[in-house]
2 protein chains.
Amino acid sequence: MSEGLKKARARFVSTWGEMASQWGINKTMARVHALLMASDAALSVDEIMAALSISRGNASMNLRALADWGLVRRVSVGSERREYFQSEKDVWNMCCRIARERKKREIEPVIGALEECLREAGDGKESAAFRKRTAELLELVRTLDFVLGKLAQQEKNAVMPRVLTLLKAMS
Amino acid sequence: MSEGLKKARARFVSTWGEMASQWGINKTMARVHALLMASDAALSVDEIMAALSISRGNASMNLRALADWGLVRRVSVGSERREYFQSEKDVWNMCCRIARERKKREIEPVIGALEECLREAGDGKESAAFRKRTAELLELVRTLDFVLGKLAQQEKNAVMPRVLTLLKAMS
DNA sequence: CCATACTTTCAATATATTCTGAAAGTATAA
DNA sequence: TTATACTTTCAGAATATATTGAAAGTATGG
């Protein structure tokens with residue numbers, strides 16, 4: 001493989017890792033994901049361990065997490081016993097899966113907690129300002145939830161191109 | 001203050017803190033922000049320290065960071081020497097500021113890095129698949145950048161309501 | 001200018017998160 | 001059933017991140 005391509009892959013992997021850690025996702029998990037995205041063939045655990053200099057346990061746990069997110073799947077190669085891994089290659093699908101998981105794991109619980117705040121605050125005069133602000137925030141988070149829900153409907157991904165067209169037209 | 005309102009405020013602060021740490025933002029910074037959002041009056045550093053049980057240094061650093069993000073501002077109260085802090089109270093403005101900062105700090109550098117990956121990969125046949133995937137990802141990240149850019153134009157915040165209307169109509 | 005009242009900084013410390021590696025677990029082929 | 005070839009788990013170690021608190025810095029009024 002050319003030196004340039006090697007360097008480009010390495011940069012790709014570390015960029016993805018850095019970005020992930022800024023968004024609350026484990027850096028190694030993102031590097032494994034990036035490695036598989038950058039690689040055409042499916043990779044074995046041993047290849048992943050070697051490429052990223054990580055332990056077997058670390059690789060195993062992060063591959064499981066990526067599989068839970070629906071970003072990576074196990075594949076069998078020929079008659080080999082060993083398992084291989086490959087990433088979802090369609091970038092739009094990948095984006096939908098991430099949106100769906102973050103919505104479910106992070107946004108929905110926040111909506112529940114904000115609703116509980118409103119309930120707890122009661123309806124007295126002294127809490128009016130707090131209730132107003134909480135309600136506005138709740139509406140915003142519900143909007144985000146709604147938008148992520150749309151994104152996550154990958155079978156209807158015609159929606160997003162239309163939204164982008166509208167946004168662009170409004171410059 | 002009623003027990004219910006106290007509990008509601010505490011839940012609000014801790015919910016915001018938890019959410020923030022899932023999105024790569026310092027938990028204490030988010031708790032300070034939530035405390036100020038939940039509070040009508042501006043608060044002094046000492047009040048914030050007491051409310052969240054944090055040190056003066058920690059409060060000072062997180063207030064500075066919140067000011068850098070444009071989420072909190074210093075205010076003078078009467079003729080007092082002491083500084084007070086209050087949060088941006090408009091939820092839409094708050095959202096715009098967060099969008100603007102994350103775009104600038106996190107998305108734009110990733111776009112640069114992905115462009116560099118493409119350059120480095122060269123134009124040989126062996127890197128064709130890598131280039132294709134990187135280019136798709138770059139397009140996706142540019143789209144996110146574009147959407148955040150739109151969001152951040154708070155003077156044109158009529159844009160988002162129209163997008164939401166479109167999305168809802170397409171259910 | 002000094003005393004005072006406050007704020008900021010940063011090295012040391014504490015806490016939280018991630019990683020390792022060896023032991024336990026599991027599936028397969030013979 | 002057993003040997004083999006792999007995978008998973010998790011307690012302890014390593015690392016990264018956040019926090020403290022005291023010293024240094026700064027602005028104000030007199």
Side-chain angles (χ1 to χ4, degrees), chain A residues 13-36 42-69 71-86 105-106, chain B residues 13-14 16-36 42-69 71-86 102 105-106:
Chain A
V13 168
S14 90
T15 299
W16 214 237
E18 289 308 317
M19 181 174 193
S21 60
Q22 284 170 331
W23 291 87
I25 286 163
N26 182 297
K27 184 186 285 193
T28 299
M29 175 169 150
R31 292 199 306 144
V32 172
H33 184 211
L35 179 69
L36 290 170
L43 301 179
S44 69
V45 174
D46 293 78
E47 287 166 324
I48 293 167
M49 287 164 61
L52 302 179
S53 304
I54 60 174
S55 71
R56 189 173 296 282
N58 198 4
S60 171
M61 295 213 288
N62 281 300
L63 284 165
R64 161 195 275 273
L66 284 165
D68 289 346
W69 278 67
L71 296 172
V72 156
R73 51 180 175 281
R74 290 155 195 283
V75 293
S76 302
V77 171
S79 63
E80 269 196 272
R81 174 101 156 257
R82 180 195 305 249
E83 297 197 274
Y84 284 79
F85 296 87
Q86 68 183 19
R105 298 178 189 206
E106 294 154 17
Chain B
V13 168
S14 90
W16 214 238
E18 288 308 316
M19 182 175 193
S21 59
Q22 285 170 329
W23 291 86
I25 286 163
N26 182 298
K27 183 186 283 194
T28 298
M29 175 170 150
R31 291 199 308 144
V32 172
H33 184 212
L35 180 69
L36 290 170
L43 300 179
S44 70
V45 175
D46 294 79
E47 288 167 321
I48 293 166
M49 288 164 61
L52 302 179
S53 305
I54 60 175
S55 72
R56 188 172 296 282
N58 197 4
S60 171
M61 294 212 289
N62 281 300
L63 283 164
R64 163 195 273 274
L66 283 165
D68 289 347
W69 278 68
L71 296 172
V72 155
R73 52 181 172 281
R74 291 156 194 283
V75 294
S76 302
V77 170
S79 63
E80 269 194 275
R81 176 104 155 252
R82 180 196 305 250
E83 296 198 276
Y84 285 78
F85 297 87
Q86 69 183 20
R102 298 210 80 155
R105 299 177 188 207
E106 294 154 19

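To find a chain, count down the sequence lines: A is the first, B the second, and so on, and within it residues start at 1. Computed from heavy atoms alone, side chains included, the values below leave out hydrogens, waters and symmetry copies.
Listed for the A/E18 side chain is no donor-acceptor partner under 3.5 Å among the backbone atoms of A/T15.
A straight line from CD of B/E80 to C1' of C/dT7 spans 15 Å, rounded to a whole angstrom. Per the geometry, CG belonging to A/N62 stands 15 Å off C1' belonging to D/dC10, to the nearest Å. Following rounding to the nearest Å, A/N58 (CG) and D/dT9 (P) show an atom-to-atom distance of 14 Å. Rounding to whole angstrom units, CD1 of residue B/I54 and C1' of C/dT7 are separated by 14 Å. Rounded to whole Å, the distance from CD1 on B/I25 to P on D/dA18 is 11 Å. Nucleotide C/dT7 holds its C1' atom 16 Å from the CD atom of B/E47, rounded to whole Å. The nearest whole Å value for the distance from the CG atom in A/N26 to the P atom in C/dT20 is 11 Å. For B/I48 and C/dT7, the CD1 to C1' distance is 13 Å, given to the nearest whole Å.
Atom CE of A/M29 and atom CH2 of A/W69 lie 5.5 Å apart (nearest 0.5 Å). Here the CG atom belonging to B/N26 is positioned 9.0 Å from the CG atom belonging to B/L66, to the nearest 0.5 angstrom. With rounding to the nearest 0.5 Å, the separation of CD in A/E106 from CE in B/M19 is 8.0 Å.
The side chain of B/M61 approaches C/dC10 more closely than any other nucleotide in the set C/dC10, C/dT8, C/dT18. With distances taken from any side-chain atom of B/R81 to the nucleotides D/dC10, D/dT28, D/dT8, the minimum falls on D/dT28. Side-chain proximity of B/R74 to C/dT8, C/dT20, D/dT8: nearest is C/dT8. Of all nucleotides listed (C/dC19, D/dT20, C/dA27), C/dC19 comes nearest to the side chain of A/T28. In this structure, the nucleotide among C/dT8, D/dT8, C/dA5 sitting nearest to the side chain of A/R56 is D/dT8. Among the nucleotides C/dT9, D/dT9, D/dG21, the one closest to the side chain of B/S55 is D/dG21.
The residue A/S21 sits apart from the nucleic acid: no heavy atom pair falls under 4.0 Å.
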Quick one, B/R31 with B/L35, criterion side chain to side chain contact (heavy atoms under 4.5 Å, CB included). Give me CA distance, side-chain angles, the key distance, then yes/no.
CA-CA 6 Å; B/R31 291 199 308 144; B/L35 180 69; over 6 Å; no

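Toward the 5' end of DNA chain D, the nearer of the two residues B/A59 and A/Y84, judged by each one's closest nucleotide, is A/Y84.
A close approach under 4.0 Å does not occur between any side-chain nitrogen or oxygen of A/R82 and OP1 or OP2 of D/dT7.
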